[in-house]
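Here's the structure, in C-alpha cells; my notes come after.
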Amino acid sequence: MTYSICGYQQANVVILHKSLADDFEAFCHANPSPLPLLYRSQPGEWGCPPLAADADIRVDCPQYCVFKDGLLVSRVSSLMSYSGQLQDMVSFYLGCSFSFERTLRKAGVPVRNVEQNCNVSMFRTSLQCRGVGQFQCPMVVTMRPVPEEKLDLVAQITHLTPLAHGGPIHIGDPAVLGIQDVSRPEYGDPVALGPGDVPAFWACGVTGVEAVQSCKPPLAFTHSPGCMFLTDRQDSSVFASTSTPEPDQCPLTFSISQQPLHFSVASKAVVQSIRDLEKIIGEDPGERGIRALFVQDELLRSCLSLSHSSSVLITTGFPTHYKHNPPEETDGPPGAIAIAATLQALQKEVAIVTDHRALEMNQRIMEDAVKKGVIKTAVPLLSYQGNSPDSALYFLCHNGDHKKPRFDHLVAIERSGRASDGNYYNMRGVNIKHLVDPIDDLFITASTIPGISTTGIGDGGNELGMGKVKEAVREHMPNGSLIACDVAADFAITAGVSNWGGYGMACALYILSLCPIHQRYLHKGLGQPHPPTQDQHQAWAASLPSVAKEEEMLSILVQHGVRSGKTGTLGMEVDGLTFHPTHSDLIIKLRDRTSQRK
C-alpha cells in the first residue's frame with residue numbers, strides 16, 4: 001500500500017487497448033474532478049517521462065487488478081507476463097488525493113486513515129459521470145472524516161490541488177451521494193469518525209476502475225486501489241499555487257442543514273458580497289429597532305440552501321388592515337415575486353401558497369405582473385387550510401410520504417406568524433386570526449421532514465419563521481411579548497422592510513450562480529466547469545429586481561386596493577416609506593453591489 005508514503009505525488013493507473021484510448025482520454029477531460037489526467041502514454045510505452053525517470057509501469061505499482069470483459073479476474077504484483085499484450089495498450093496516469101494528505105497533516109488537520117494505519121474509504125456513488133462512448137459509470141469518492149472546525153482549512157488546501165481531485169464535492173450526510181453505510185466501502189478500508197468529525201467526500205480516481213468495468217474490454221489493467229504509482233515529483237507540485245489565494249479562490253464552508261447534515265461552499269469574495277447585501281437590507285429608515293433581531297449570515301446560509309434546492313414554496317400575505325377590503329399590505333408580495341423570478345431563471349420549480357380568501361385577488365395580481373414584465377412566467381398559486389391532522393404532511397409530500405417531499409425549501413416573506421397563544425397579531429397588537437389560514441403548520445411539519453429547509457423574512461418579529469429570534473422580539477420590539485411569532489424557521493432574515501429581504505435574496509442567488517467554487521460543489525464536481533452562457537447570464541440578470549419593475553409591481557398592488565402597512569395609505573409607499581426615494585435608492589444599492597460580481 002502507498003497511502004502512508006508521504007512526500008511524493010501519487011497516481012491512479014488505467015491501462016487500455018489503444019482502440020479505446022481516445023474515448024477514455026475524452027472521458028477524463030469530461031470528468032476532470034475524478035479523473036485529472038497527468039499523462040497518457042504511447043502504445044507500448046512503459047515509462048512516463050514527465051512524472052518519473054526510469055519508470056516501468058509493468059512493475060512500479062505494488063499491486064495491479066487484471067480485468068477481462070469487465071470482470072476482475074486476478075490481482076498481481078507484476079504485469080511482466082503481459083508484456084506482449086501491453087505493446088498495443090496505452091497507460092493513463094491520473095491524479096490521486098493521497099498527494100495532498102501530507103499537506104493537510106502539516107497544517108494540523110488529522111488524517112484519520114493515516115492515524116488508523118489503513119487505506120482511505122472509497123465508495124461507489126449514485127452520481128453518474130459524463131459518459132463518452134462505451135465509458136458510462138458512476139463516480140467513486142473517497143471519504144475523510146474532518147473535524148468541523150477544520151473544514152474551511154481543508155477546503156482551502158485541497159481546492160488548490162486540481163491535479164489531485166481538488167476540493168471536496170460533498171460535506172455531510174453520505175446518503176446524499178447514495179452511500180448507505182460508511183462502514184462498508186466498496187474499495188479501501190472503513191475509517192472511523194472521531195468525536196466532532198464530519199464526513200467529507202472527494203472525487204476519486206478509482207472511478208477509472210468503474211469505467212473499465214462499464215466498458216467491458218477483453219483485457220484491461222488498473223492499479224489496485226491504495227496501491228498507487230509513485231512519481232518522482234514532490235507532492236507540493238500538485239498545488240496550483242503556493243501563495244495566499246485571492247478571495248475568489250478561497251473557499252469557505254457553511255452548515256446549511258442538520259437533518260440531513262449538509263454543508264455548502266462559496267468563495268470568500270462571494271461570501272463578503274452577500275454579507276454586504278445583508279448589511280444593505282438591514283438598514284432601518286423607519287427606526288423600528290430591527291437590528292436587535294439580526295443574526296449574521298442568515299441571508300447567506302438561506303441562499304446557499306436555496307441554491308441546492310430544486311423545488312421552492314413561497315408564502316406571503318399579512319392582512320394587517322382588518323377594516324379594509326382587501327386587508328393585505330404592500331410589503332411581502334413584491335419581495336415574493338422577486339424571489340420567484342430569480343428562482344425561475346435558475347431553473348427551480350416555484351409555487352406560492354396564500355390564504356384561500358385572497359387566492360382570486362393574488363391570481364389577478366400575478367397575471368398583471370406577467371403582463372407588465374415584472375416576472376416572466378406566472379407562478380402557480382395554491383392555498384392551504386389544514387382540514388385534517390395530516391393535511392400539512394400530505395400537502396408537503398407525495399402521498400404523505402416524508403421520503404418524497406414536493407418541496408425542499410419553504411420561504412415565508414412578510415407572512416403573518418402564529419404567536420405563542422395561537423393567535424396572529426399585527427404590530428399594534430390587534431388579533432387578525434380570522435383572516436389567516438394556518439400556513440404555519442406547513443413550517444412546523446417541515447421541521448420534522450428531513451430534506452426540507454425553511455426561511456422566514458421579517459421586519460418586526462411577528463412574521464412566520466421569526467420564531468427563531470422570538471426572545472429578542474419579546475425583549476426589544478413594541479408589544480413583543482404579545483406579537484412575537486412562535487414558529488421558527490431554519491433561517492431568519494431580518495430586513496428594514498421585508499420586501500428588501502426578498503430583493504437581497506434574489507441578488508444573493510444571482511451572485512452564487514456566478515461563483516465557480518460554489519457551482520463546482522453544487523454539481524458535485526461532475527462535468528467540465530463552464531461559466532454561464534451569455535443567454536443564461538442575460539436571463540439571470542433580467543430576473544433581478546430593478547427600480548422600474550418594483551415600481552410597476554407596487555403600482556399593480558395599489559390598483560388592486562392593497563395598502564401601505566404602517567399608514568394604510570393607498571399609494572406608492574410600503575410601511576409608510578415612499579417608493580421614491582427610500583425603496584428605489586435601496587434597490588439601486590443592491591444592484592450596484594450585485595453588479596460588482598459580474
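The figures that follow rest on heavy atoms only: side chains count, while hydrogens, waters and symmetry mates do not. All of these numbers come straight from a predicted model, not from anything done at the bench.
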Open item on the list: Between Lys268 and Glu246, does any NZ, NE, NH1 or NH2 come within less than 4.0 Å of an OD or OE carboxylate oxygen?
Closed with: no
- [ ] Can you sort out the partners of Ser310 under side-chain hydrogen bond (donor to acceptor under 3.5 Å, both in side chains), two or more places apart, ordered by chain and number?
- [x] Asp408
TODO: List the atom of Pro110, the atom of Pro147, and the distance in Å for their closest heavy-atom pair.
DONE: CG-CG, 3.6 Å
Task: Donor-acceptor pair, side chain of Arg406 and main chain of Cys397, under 3.5 angstrom - done: yes
Task: Closest approach of Phe24 to Phe135 (non-hydrogen atoms, all atoms of both residues) - done: N-CE1, 3.6 Å
Task: Spacing of OG belonging to Ser83 relative to CH2 belonging to Trp46, to within rounding of 0.5 Å - done: 5.0 Å
Task: Pairwise distance CD1(Ile452) to NE2(His402) - rounded to 0.5 angstrom - done: 10.5 Å
Open item on the list: Tell me whether the count of non-hydrogen atoms from other residues, nucleotides or ligands lying under 6.0 Å of CG in Asn399 goes above 12.
Closed with: no
TODO: Give a yes or no on whether the backbone of Val411 and the side-chain of Thr455 come within a donor-acceptor separation of less than 3.5 Å.
DONE: no
TODO: Indicate yes or no for a side-chain donor-acceptor contact from Asp23 to the backbone of Val132 under 3.5 Å, with no hydrogens or angles considered.
DONE: no
- [ ] Working to the nearest 0.5 Å, report the span between CZ of Phe123 and CE of Met143.
- [x] 5.0 Å
Task: Residue pairs, two or more places apart or on separate chains, that pass salt bridge (charged side-chain N to carboxylate O under 4.0 Å, His left out) and touch residues 505-521 - done: none
Open item on the list: Taking Gly166's backbone N and O only, do any of them form a donor-acceptor pair with Trp202's side chain (distance below 3.5 Å, no angle check)?
Closed with: yes
TODO: Considering only NZ, NE, NH1 and NH2 on the basic side and carboxylate oxygens on the acidic side, decide whether Glu298 and Lys468 come within less than 4.0 Å.
DONE: yes
Open item on the list: Are there over 12 heavy-atom neighbours, none belonging to Glu349, within less than 6.0 Å of that residue's CD?
Closed with: no
- [ ] Output yes when a side-chain donor or acceptor of Lys348 lies under 3.5 Å from a complementary backbone atom of Ser309, and no otherwise.
- [x] yes
Open item on the list: Taking side-chain contact (heavy atoms from CB on, under 4.5 Å) as the criterion, tell me which of Leu193, Asp173, Ile171 meets it with Val198.
Closed with: Ile171
Task: Heavy-atom donor-acceptor pair, Gln519 side chain to Leu512 backbone, under 3.5 Å - done: yes
Task: Tyr39 and Glu45 side chains, donor-acceptor separation under 3.5 Å - done: yes
Open item on the list: For residues 59-88, which residue pairs pass the salt bridge (charged side-chain N to carboxylate O under 4.0 Å, His left out) check, not counting sequence neighbours?
Closed with: Lys18-Asp88
TODO: Check Ser264 against Tyr521 and note the closest heavy-atom contact, atom names and distance.
DONE: CA-CE2, 3.7 Å
Task: Residues Tyr93, Leu37; criterion side chain to side chain contact (heavy atoms under 4.5 Å, CB included); working and verdict - done: CA-CA 6 Å; Tyr93 301 79; Leu37 184 58; 6.0 Å; no
Open item on the list: Is there a side chain to side chain contact (heavy atoms under 4.5 Å, CB included) between Val206 and Val209? Walk through the geometry before answering.
Closed with: CA-CA 5 Å; Val206 174; Val209 174; 4.0 Å; yes
Open item on the list: Ring centroids only, cut at 6.0 angstrom: are Phe221 and Phe67 within range, meaning strictly under it?
Closed with: no
- [ ] Give the ring-plane orientation class for His170 versus His262, where under 30° counts as parallel, over 60° as perpendicular and anything between as tilted.
- [x] tilted
- [ ] Using modelled atom types only, decide if a donor and an acceptor are shared between the side chain of Ser307 and the backbone of Cys303 within a distance under 3.5 Å.
- [x] no
Task: More than 12 heavy atoms from other groups under 6.0 Å of CD on Glu149 - done: yes
TODO: Please lay out, stage by stage, how Arg144 and Glu101 fare under the test salt bridge (charged side-chain N to carboxylate O under 4.0 Å, His left out).
DONE: CA-CA 10 Å; Arg144 290 174 176 82; Glu101 288 188 342; 3.0 Å; yes
- [ ] Could you tell me which non-hydrogen atom of Pro217 sits nearest to which non-hydrogen atom of Leu20, and how far apart they are?
- [x] CB-CD1, 3.7 Å
Residues 249-256, side-chain donor-acceptor partners within the protein, below 3.5 Å, at least two apart:
residue	atom	partner	partner atom	Å
Gln249	OE1	His159	NE2	2.8
Thr253	OG1	Asp152	OD1	2.7
Ser255	OG	Gln258	NE2	3.0

Task: Non-neighbouring partners of Asp197 that pass salt bridge (Lys or Arg N to Asp or Glu O under 4.0 Å), sequence neighbours left out - done: Arg112
Open item on the list: Could you tell me if the side chain of Pro174 sits less than 4.5 Å from the side chain of Phe201, heavy atoms only?
Closed with: yes
Open item on the list: Any heavy-atom pair between the side chains of Leu16 and Val90 that's under 4.5 Å?
Closed with: no
TODO: Look only at the side chain of Ser41 and the backbone of Ser91, and say whether a donor-acceptor pair between them is shorter than 3.5 Å.
DONE: yes
Task: Derivation of the side chain to side chain contact (heavy atoms under 4.5 Å, CB included) call for Leu38 and Leu94 - done: CA-CA 5 Å; Leu38 304 179; Leu94 309 166; 5.7 Å; no
TODO: Grab the two heavy atoms, one from Phe491 and one from Ser305, that are nearest each other, plus how far apart they are.
DONE: CE1-CB, 4.0 Å
Task: CE on Met228 to OG on Ser97, rounded to 0.5 Å - done: 7.5 Å
TODO: Scan Leu522, Leu526, Leu177 and name whichever one has a side-chain contact (heavy atoms from CB on, under 4.5 Å) with Ile169.
DONE: Leu177
Open item on the list: Just verifying a value: how many Å separate Cys96 SG and Phe229 CZ, rounded to the nearest 0.5 Å?
Closed with: 12.5 Å
- [ ] Using modelled atom types only, decide if a donor and an acceptor are shared between the side chain of Asn12 and the backbone of Gly95 within a distance under 3.5 Å.
- [x] yes
Open item on the list: Counting the benzene-type ring for Trp, do His308 and His409 have ring centres under 6.0 Å apart?
Closed with: no
- [ ] Check the pair Met80, Val59 against side chain to side chain contact (heavy atoms under 4.5 Å, CB included), reporting the backbone distance first and the verdict last.
- [x] CA-CA 7 Å; Met80 293 298 290; Val59 295; 3.7 Å; yes
TODO: Could you pull out all residues at least two apart from Asp535 that satisfy side-chain hydrogen bond (donor to acceptor under 3.5 Å, both in side chains)?
DONE: none
- [ ] Look at Asp401 together with Lys403 and state whether they make a salt bridge at an N to O cut-off of under 4.0 Å.
- [x] no
Task: Distance in Å, Ser267 OG paired with Ile517 CD1, rounded so as to fall on 0.5 Å steps - done: 5.0 Å
TODO: Using modelled atom types only, decide if a donor and an acceptor are shared between the side chain of Gln536 and the backbone of Thr533 within a distance under 3.5 Å.
DONE: yes
Open item on the list: Could you tell me if the side chain of Val13 sits less than 4.5 Å from the side chain of Thr222, heavy atoms only?
Closed with: no
TODO: Indicate the atoms forming the closest heavy-atom contact of Arg593 with Ser273, along with that distance.
DONE: NH2-OG, 3.1 Å
